[in-house]
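Lettering follows sequence order; numbering is per chain, from 1. As the structure is a prediction and not an experimental result, all values here were calculated from the model.
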2 protein chains.
Amino acid sequence: MFKKVLIAEDFDIVNKGVVTTLKELNITNITTVKYCDDAELRLKKALHDAEPFELLITDLSFNADHRNQKYVSGEDLIAIAKVIQPTLKIIVFSVDDRLQKVRSLIQTYNINGYVCKDRYDAKELTKAIEEVYQNKAYLSTKVKLALEPKSNLEIDDYDIDLVKFLSKGLLQSEISEYLKKQKIYPNSLSSIEKHLNILKIQFKAKNAIHLVSIFKDLGLI
Amino acid sequence: MFKKVLIAEDFDIVNKGVVTTLKELNITNITTVKYCDDAELRLKKALHDAEPFELLITDLSFNADHRNQKYVSGEDLIAIAKVIQPTLKIIVFSVDDRLQKVRSLIQTYNINGYVCKDRYDAKELTKAIEEVYQNKAYLSTKVKLALEPKSNLEIDDYDIDLVKFLSKGLLQSEISEYLKKQKIYPNSLSSIEKHLNILKIQFKAKNAIHLVSIFKDLGLI
DNA sequence: CAATACCTTACGGAAATCCGTATTTAAAGA
DNA sequence: TCTTTAAATACGGATTTCCGTAAGGTATTG
């Protein structure tokens, strides 16, 4: 079993829960950090001391607070971790169950496991650690479909961003301007209208306000 | 210290974290449930066996799954718990940090503590348990302001309803129609526009979508 | 390579909103 | 009762969204 594990998770209580779960697996050398920046330091130091971590378990979202941080998300952390120590095994542990997100993490960073925070997450986390230790990949049942071909019900980040812009009060014309500046396509007003319209149909929203409201309720934005 | 505690929390890992925290307080008689309905049964049984729980620590939101539930939220659970056992101490443990929510829980159910899931939540939860044991109330620093007198920024129910209607996708003209049917005044389209406009200025919202978004973030709707 | 399917973009008219101004109504005070 | 003040309503024009149609571009497939 893994000997040395790093946990990056901002909530105290979740940290405790993960530690308890690891101890049940007889893993004793456990380090926990509440900030991604701390995780980077720990990874570097361990490597420098020739006692590298074997596994990183990380959350995706970290609440911002008074401490100014270089890396603000689990994704940032994963990116830098893979640079520091390419062989490091990584399991993501997050409430986020969007297939799109999972898929992109697998494709971009080649993460080894993805466990959703959920009713039976302790069991799944345990299983994930065991599987990853045996060089297998592990995905929570909730996101197993991530590797399947895309379903047409899925919303991609582009569409989520559109709704997010709306929720911040931008006009559709302003969104178009912004996307053009960022060279993100499609960016015509017409396309934005169309995408939003499709979303409205998919989510049975009566209008843009309703759509934003639904997205907020679903936690998509 | 409390002898017998019930924890209602759907996520495994958080459950483990809370249990670990309680054990550090030398509380040994701990029951955890993942569904509100189970919590109700446990409370009733304990009372019937003349070994009632002294403290309930409950989350507010519970993910829905295949199991059909009578009580779907922590608030539902608190309501029924207070009926079953009015003397039960209750601490809410939630990520929700909306003052409006906290205030309403205190006023409606007279809960004893409210701890926000956050970076230092284990410490706060510990503190909350100790304080509540001494018959004091405890609120996380994040939501301490909930008990302060209402600021003049707070808005009346009429205005909140307007924004709520918007969030459900009603047109301003439809809202006007509805209010006329209900004989609620003011109900002219013009007045509705004006009220919404004042709200937009108060909350620095760029447009109606933004306003709804802000209201949702503040937990006003 | 042609047929097709799909996506982006463009355009125009209808509907809804935003916003300023003016008028009416209701409440409050002298 | 008469003024004063504030709120509710009415109205019009500008802006934005909504929605259908159509043209152009690109990738897929037989």
May I have the distance from [X] (atom [atom1]) to [N] (atom [atom2]), rounded to whole angstrom?
{"X": "A:I198", "N": "C:dT9", "atom1": "CD1", "atom2": "P", "result": "13 Å"}
{"X": "B:L196", "N": "C:dC18", "atom1": "CG", "atom2": "C1'", "result": "11 Å"}
{"X": "A:F165", "N": "D:dT17", "atom1": "CZ", "atom2": "C1'", "result": "19 Å"}
{"X": "B:K194", "N": "D:dA8", "atom1": "NZ", "atom2": "C1'", "result": "8 Å"}
{"X": "B:I209", "N": "C:dA16", "atom1": "CD1", "atom2": "C1'", "result": "12 Å"}
{"X": "A:K206", "N": "C:dT17", "atom1": "NZ", "atom2": "P", "result": "13 Å"}
{"X": "B:L211", "N": "C:dC19", "atom1": "CG", "atom2": "P", "result": "12 Å"}
{"X": "B:N207", "N": "D:dA14", "atom1": "CG", "atom2": "C1'", "result": "16 Å"}

Requested in this report: Could you check whether A:K200 gets within reach of a base, just the sugar-phosphate, or nothing at all, counting any heavy atom under 4.0 Å?
Outcome: sugar-phosphate
Query raised in the report: Taking 4.0 angstrom as the limit, do A:K117 and A:E124 come out as a salt bridge?
Result: no
Requested in this report: May I ask you to check whether B:F203 and B:F215 place their ring centres under 6.0 Å from each other?
Outcome: yes
Query raised in the report: side-chain contact (heavy atoms from CB on, under 4.5 Å) with B:K89: which of B:N135, B:I57, B:I129, B:L56?
Result: B:N135
Report task. Check every atom of D:dT17, C:dT8, C:dT17 against the side chain of A:H195 and return the nucleotide holding the closest atom. Result -> C:dT8
Query - Per A:N197 side chain, nearest of listed nucleotides D:dT16, D:dC19, C:dT17 - result: D:dC19
Query raised in the report: Within a reach of under 6.0 Å around OH of B:Y178, are more than 12 heavy atoms found that belong to other residues, nucleotides or ligands?
Result: no
Report task. With rounding to the nearest 0.5 Å, note down the distance linking CG in B:D12 to CG in A:L125. Result -> 10.0 Å
**Report entry** Atom pair OH/CD1 of A:Y120 and B:I13 - distance to nearest 0.5 Å
**Finding:** 14.5 Å
Query - Distance-only donor-acceptor check, side chains A:N110 and A:K82, under 3.5 Å - result: no
Report summary line: Ordered by number, residues from residues 173-193 of chain A within less than 4.0 Å of DNA chain C (heavy atoms) are A:Y185, A:P186, A:N187, A:S188, A:S190, A:S191
